[in-house]
Amino acid sequence: MNAPKVADRQATFRDVFAVAEFRVIFASYGIFIIGETVKMLALSVLVYERTGSGLLAALAYVTGFLPHALGGLFLLALADRWPARALIVGYDLVRLAVVAVLATGLLPPAAMLGLVAVVALFGPVSSASRTALLPEMLHGDRYVLGRSLLTVAAGGTQVAGFAVGGLLLGLVGPYGALWLTAATCGLSALLVRFGLAPRPARTGRAVAGPRPGAFRETLRVNRQLLADRRIRGLLLAQWLPGSLLVGAEGVAVPYAAGLGPGANAGILLMAGAGGMLVGDLLVGRFVAPARRERWTPWLALLLGVPMLVFLARPVLLPAAALFAVATAGFAYQLGLARRFLDAVPEVRRGQAFGLVSTGMMAAQGLAAAGAGALSEVLAPGLVMAGAGAASIIATLLLWPVLAPGGRRSPAPPAQSTPAPVVSADR
């Protein structure tokens with residue numbers, strides 16, 4: 001009888017951090033992000049030093065992007081098949097081994113990039129498994145605030161990773177930075193191994209009939225999730241308004257260059273990151289759950305509206321302020337968090353969260369690439385305003401989904417998505 005009251009009570013930071021397992025997830029995730037950022041910086045510098053190729057250095061920095069997307073499309077079923085603690089620890093240990101091999105300097109650059117790309121295939125599986133643990137340890141509004149804190153941690157530790165990476169490269173060079181990255185992998189694995197309780201896999205191991213391979217099962221369940229009208233709407237709502245705005249970030253460099261000497265695209269991008277973090281923090285902590293859900297479509301609309309001002313080609317500081325206000329609208333996703341959690345079957349929770357991440361990564365990549373292509377024939381300010389307009393149109397089209405109590409179908413029961421039989425000890 002008390003569950004609805006607990007779910008609707010506004011959570012505090014103390015409520016969330018009082019949960020010991022969340023503290024472990026939060027700390028290990030921050031260490032993971034710092035380690036990955038330092039690794040990609042060091043690898044990029046290392047490849048450039050050994051080849052002198054700017055193209056290969058850029059590929060080294062983004063080499064995990066495409067494999068990450070492929071892993072999300074074809075391997076996500078593993079996030080529900082394997083116990084979460086074992087999966088996260090196993091991935092950290094594989095990362096440790098790979099980074100140690102890179103740090104020896106024995107591999108040629110092409111082999112380095114190939115090894116990192118192969119391991120990146122399993123990145124979305126580990127990430128989905130980690131995210132799917134949150135509703136098992138945080139309930140009601142604590143879950144939403146926990147999601148917000150992980151977003152803040154991701155942005156903040158990525159900035160810290162750039163700073164630490166730059167410092168380490170100057171002090172110990174790329175090889176030393178890679179050895180220290182290996183240490184972060186080991187620390188993350190230890191935190192998760194001894195800080196999280198063991199849990200069985202969500203889909204269990206007792207199956208009726210032959211168990212399909214992870215590739216086939218991932219495709220099948222992805223199709224089933226997308227076929228559900230309510231889930232599909234919530235996925236599109238999480239993917240499109242924010243991802244279209246990323247197109248504006250994709251032309252920040254040419255826009256800043258067009259403003260003249262002294263204009264720095266880094267200021268625009270830092271303002272965007274800061275606005276997103278502040279928006280998530282304020283809306284997640286200080287806006288009551290019911291009001292947060294009512295604000296969802298309006299926050300999504302905020303993503304695009306400030307970008308229309310770029311038609312007037314504002315100078316650097318006003319442009320940075322507009323970026324910060326726009327990206328604060330990313331907090332709209334907090335209003336969708338509980339609705340999406342309620343809509344997906346529990347036994348497919350890991351794959352569903354992974355699908356959100358994979359679709360968002362793909363949509364952001366396409367938006368950035370499309371904006372870059374348009375900037376070859378249009379002024380960057382016009383492209384940025386166009387990205388804002390596209391985000392507004394997507395928000396208006398998805399308004400019935402974004403608004404609470406809008407277009408919905410009944411939440412599917414756990415067994416509505418055909419899946420292997422859950423083990424009896426679940």
Side-chain angles (χ1 to χ4, degrees), residues 54-55 57-59 61-62 65-66 68-69 155 158-159 162 236-279 297-333 357-399 402:
L55 175 60
L59 288 176
Y61 186 72
V62 300
F65 178 84
L66 180 58
H68 191 285
Q158 189 171 39
V159 173
F162 284 127
L236 290 171
Q238 292 174 91
W239 289 341
L240 293 182
S243 295
L244 289 168
L245 179 65
V246 172
E249 295 183 7
V251 293
V253 171
Y255 182 82
L259 294 179
N264 188 338
I267 294 175
L268 292 178
L269 296 175
M270 286 177 61
M276 182 176 67
L277 297 183
V278 171
W298 300 102
L299 286 170
L301 202 61
L302 181 63
L303 290 164
V305 170
M307 304 309 297
L308 299 180
V309 182
F310 278 83
L311 286 170
R313 200 167 173 266
V315 295
L316 185 63
L317 292 182
L322 289 167
F323 249 112
V325 172
T327 56
F330 274 105
Y332 87 93
Q333 294 184 345
S357 176
T358 299
M360 200 173 296
M361 178 175 286
Q364 289 178 1
L366 290 171
L374 285 174
S375 69
E376 295 292 321
V377 295
L378 299 174
L382 184 59
V383 175
M384 295 167 85
S391 179
I392 291 171
I393 291 170
T395 297
L396 294 176
L397 291 174
L398 290 165
W399 197 279
L402 291 163

State, yes or no, whether a side-chain contact exists between [X] and [Y] at a heavy-atom distance under 4.5 Å.
| X | Y | answer |
| --- | --- | --- |
| Leu277 | Thr327 | no |
| Leu308 | Ile392 | yes |
| Leu311 | Leu382 | yes |

Arg313 (side chain) donor-acceptor with Ala379 (main chain) under 3.5 angstrom
no

Using only atom types and a distance under 3.5 Å, with no angle test, would you say the side chain of Ser391 pairs donor to acceptor with the backbone of Ala387?
no

Closest contact, heavy atoms only, [X] versus [Y]:
| X | Y | value |
| --- | --- | --- |
| Met360 | Gln238 | CE-O, 3.4 Å |
| Trp239 | Ala363 | O-CB, 4.3 Å |
| Met307 | Gly388 | CB-CA, 3.8 Å |
| Pro314 | Pro318 | CB-CB, 4.2 Å |

Given Phe310, which of Val383, Leu322, Val251 fulfils the side-chain contact (heavy atoms from CB on, under 4.5 Å) condition?
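Of the listed options, the one satisfying the test is Leu322.
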
Identify which one of Leu301, Leu303, Leu302, Val309 satisfies the side-chain contact (heavy atoms from CB on, under 4.5 Å) criterion when paired with Val305.
Leu301

Distance check, rounded to the nearest 0.5 Å: Phe323 atom CZ versus Leu316 atom CG?
11.0 Å

From Leu268 CG over to Met384 CE, what is the distance, rounded to the nearest 0.5 angstrom?
6.0 Å

Residue pair Thr395, Leu240: steps toward the side chain to side chain contact (heavy atoms under 4.5 Å, CB included) verdict
CA-CA 8 Å; Thr395 297; Leu240 293 182; over 6 Å; no

